[in-house]
Amino acid sequence: MKRISSLHQYCHQYQKSIDDPESFWEQIAEDFNWHQKWNRVLDWDFQTPQIKWFENAKLNITDNALDKHVEKHPDKVAIIWEPNHPDESVIKLSYRELHDETCRFANGLETLGITKGDRVIIYMPMVVQAAIAMLACARIGAIHSVVFAGFSAHSLADRIDNCQAKLVITSDGNFRGEKTIEVKKLVDQALASTKSVQHVVVFKRTGQPISMKTSRDIWWEDLVSNISTKHQPTIMDAEDPLFILYTSGSTGKPKGVVHTTAGYMVYTAYTFINVFQYQQNDIYWCSADVGWITGHSYIVYGPLLAGATTLMFEGVPTFPHPGRFWEIIDKHHVNQFYTAPTAIRALQAYGSDLPKKYSLESLKVIGSVGEPINKEAWHWYHKHIGRGRCPIVDTWWQTETGGMMISPIAGVTPNKPTFASLPLPGVQPVLVDKTGKILEGMNVKGNLCIQFPWPSILRTTWGDHQRCKETYFSMYPGMYFTGDEAKRDHDGYLRILGRVDDVINVSGHRLGTAEIENAINAHKNVTESAVVGFPHQIKGEGIYAYVVLGDDSSMDHDTIIDEIIQEVRLFIGPIAKPDKVLLVPDLPKTRSGKIMRRILRKVASQDIQQLGDISTLLNPDVVQEIIEKAGLAS
């Protein structure tokens, strides 16, 4: 697949993708192996909604992610696995070995009665077997649903029930930093309240004692022992579901976002190769977990479809020391590194001297994903990790989009701190006001919508198409509503301001929380912050800022708070000045690193009677500490 290599070429390709999107994507799709070509590139209706790409084409995605590369370069390393503890051995699987292991497990799944269309839950640590399980499901046509192995038994049970899974693939336990997590025990608890699961396949990772239920549970090694490494892939229709991935809504149970086979394949490969400017001898590392869409698209499918070498890391960035990320980059000569702003800010707190201990000379591109990156973290990342020479790809996309939508193309799109920059080819974003009127021109702010389908757009929410319609296609008829607010500057660059429900209306002025946080985080003593709205008798909504200070802050706290307020006044204006600044030891976060703003809103509103389930948080104890610091403890 030919990469975009200049800004001029990007402009040409982008315009081509807008003028004639069907021809544009058809030409890209020609680079893949198909059992049968499509008879129509695109059929769509955002009102229903119904979207079909490469209609009636036949394929199997693993033909393109595995078999194709086994023919060309069988001994090339497909996956490098770096364990939780550096003393444990690294695993490197070639494309031939990954193909063989996928086929063995696919054959094993079929002996358990798993067939095309069956749903399979994968609840595993970041081990190579998690990727093998995903690929094996895809090879036989089963629909996988990966659940992050930090979710509770209740959350797992909800997902099993929603998709009526027949099989759960898990491990005895997980290593994560200093912790050993009892994963199989959580699966047993979840299955006690569900009825659809017939078998549980257990990979032995930690060796801890577990309960194995006769006739239901089987060890991974027992399933694949003496099984053939030959497997003929199931032929799939272009629009057959590939996977379900659950994402939390603002209310109600998680939504099972459905992605289908052909469009997802074409889009993830195209965006991976272009955004990261991947070349065939590069080593690529995304630090996400396969339990999230980032892991699906840019650890497993996108890189393998491109014939890349992709690195999987089991551990956390601070174990056994806070230089672990930088150590791994040097150890494996990583060329492209993709991580979350939360991780960047956490490592930034350890100071700029730490990265100086590492070469990092192999890096060519560094990336950011998951949330808008604040200016201070952007500059620190660029200077101390990218050494001032690596372009940053600050990517915006969602579980629902399947792949990156707005992002610089490394070395092609000029970087601008905190701006996701320009839409990728095939992506047609618009900003609209609350009535749905499209805001033309530059220097405007509005709700971010997409007015034309791209190949990896979600097709439905599992078992509830009406919910899909109401959530994404009803707010602004004829458009996909992202739920995010953004602004377009004088260069046409887009900056994501945060979720619409994370916008605070202060005296009639709509202020994005990300913008206020960006200003607060610019203070030299601030490590991280989170801003929420709370009821205000005069303004309607006031601004409540939770601020985490660095370890080196020896100044008087009242002085720091005054300086933070002045920083916000300076960056945005008096209207954005926080009404309350609370210094806290940490922010409550999910295990994927997202801040739980729902809890912070409750505390800010002095409504702490019903905080909901906080057991799945990465740091549940911090909630009580915040309550006490807010003076709300009974």
Side-chain angles (χ1 to χ4, degrees), residues 14 17-18 20-22 24-26 28-29 32 38 40-55 57 59 61 143 145 236-247 249 255-272 274-275 292-294 296-298 301-302 305 369 395-407 420 423-430 432 447-462 464-484 486 494 496:
Y14 184 79
S17 76
I18 304 305
D20 191 353
E22 295 188 30
F24 176 82
W25 289 113
E26 184 169 39
I28 291 167
F32 296 88
W38 49 90
R40 187 175 184 180
V41 177
L42 173 63
D43 180 21
W44 69 289
D45 172 16
F46 273 178
Q47 302 291 340
T48 309
Q50 175 181 286
I51 304 106
K52 295 180 180 180
W53 279 93
F54 309 110
E55 200 167 356
L59 73 156
I61 195 170
I143 304 166
S145 184
M236 307 294 287
D237 185 83
E239 283 299 321
D240 280 338
L242 175 63
F243 64 85
I244 304 166
L245 192 55
Y246 287 87
T247 181
K255 303 182 293 291
V257 171
V258 176
H259 283 290
T260 55
T261 304
Y264 177 83
M265 176 184 74
V266 171
Y267 194 80
T268 51
Y270 176 79
T271 51
F272 170 77
N274 277 284
V275 169
W292 312 113
I293 188 63
T294 307
H296 282 56
S297 299
Y298 299 114
Y301 287 113
L305 287 164
V369 61
T395 64
W396 174 85
W397 57 297
Q398 303 172 313
T399 301
E400 295 85 349
T401 71
M404 296 177 282
M405 300 284 283
I406 302 172
S407 172
L424 295 173
V427 178
Q428 299 187 32
V430 291
V432 303
N447 291 342
L448 179 62
C449 294
I450 315 293
Q451 60 180 350
F452 194 88
W454 58 100
S456 66
I457 186 174
L458 87 161
R459 301 306 199 260
T460 188
T461 47
W462 185 262
D464 191 351
H465 192 65
Q466 184 63 25
R467 188 177 185 188
C468 175
K469 179 179 180 179
E470 290 173 357
T471 304
Y472 305 108
F473 298 95
S474 294
M475 179 72 75
Y476 302 107
M479 291 185 279
Y480 167 85
F481 176 42
T482 68
D484 282 338
L494 290 164
I496 309 303

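Note that the structure is predicted; figures quoted are calculated from it, not measured.
Scanning both residues, Thr461 and Cys468, for their nearest heavy atoms gives OG1-N, 3.2 Å. Smallest separation of non-hydrogen atoms from His465 and Thr48: NE2-O, 3.8 Å. Counting all heavy atoms, side chain and backbone alike, Ala269 lies closest to Phe32 at CB-CZ, 3.7 Å. Between Glu239 and Lys52 the shortest heavy-atom distance is OE2-CA, 3.5 Å. The minimum heavy-atom distance between Ala29 and Phe54, with the atom names listed, is CB-CE2, 3.6 Å. Residues Pro425 and Tyr270 come closest through the heavy atom pair CG-OH, 3.4 Å.
To the nearest 0.5 Å, atoms CD (Gln50) and CG (Asp43) are separated by 6.0 Å. Remark: Tyr472 OH to Leu458 CG distance equals 6.0 Å, nearest 0.5 Å. Of the inter-residue distances, the one linking Thr260 atom OG1 with Arg459 atom CZ reads 3.5 Å to the nearest 0.5 angstrom. To the nearest 0.5 Å, the span separating CZ on Phe481 from CG on Leu448 amounts to 8.5 Å. If you take CG on Leu59 and CE on Met236, they are separated by 8.0 Å, rounding to the nearest 0.5 Å. To the nearest 0.5 Å, the span separating CD1 on Ile293 from CG on Leu245 amounts to 5.5 Å.
Residues satisfying the salt bridge (Lys or Arg N to Asp or Glu O under 4.0 Å) criterion with Glu470, sequence neighbours excluded, are absent altogether. With sequence neighbours excluded, the residues forming a side chain to side chain donor-acceptor pair (under 3.5 Å) with Asp237 are Lys58, listed by chain and number.
In this structure, the side chains of Leu424 and Trp454 stay at 4.5 Å or more apart for every pair of heavy atoms.
Checked by atom type and distance alone, the side chain of Trp53 never pairs as donor or acceptor with a backbone atom of Ser456 at under 3.5 Å. Remark: side-chain polar atoms of His296 are not paired, donor with acceptor, to backbone N or O of Gly302 under 3.5 angstrom. Side-chain N or O atoms of Tyr14 include one that pairs as donor or acceptor with a backbone N or O of Val427 at under 3.5 Å. In this structure, Ser17 contributes its side chain and Gly426 its backbone to a donor-acceptor pair below 3.5 Å. Between the side chain of Thr271 and the main chain of Thr268, a donor-acceptor pair closer than 3.5 Å is present. Remark: side-chain polar atoms of Gln451 are not paired, donor with acceptor, to backbone N or O of Gly478 under 3.5 angstrom. Of the possible donor and acceptor atoms, none in the side chain of Thr395 sits under 3.5 Å from a partner among the backbone N and O of Ser407.
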Quiz item: What's the verdict on ring pair (Phe, Tyr, Trp, His ring centres under 6.0 Å) for Tyr480 and Phe473, showing C-alpha distance, side-chain angles and the deciding distance?
Solution: CA-CA 5 Å; Tyr480 167 85; Phe473 298 95; 5.8 Å; yes

Quiz prompt | Verdict with supporting geometry, Trp44 and Phe452, ring pair (Phe, Tyr, Trp, His ring centres under 6.0 Å) | solution = CA-CA 9 Å; Trp44 69 289; Phe452 194 88; 4.9 Å; yes

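Using the six-membered ring where Trp is involved, Tyr264 and His259 have ring planes that are tilted, between 30° and 60° apart.
With 3.5 Å as the limit, one finds no donor-acceptor pair spanning the side chains of Tyr267 and Thr401. Side-chain atoms of Thr399 and Tyr246 include no donor-acceptor pair closer than 3.5 Å.
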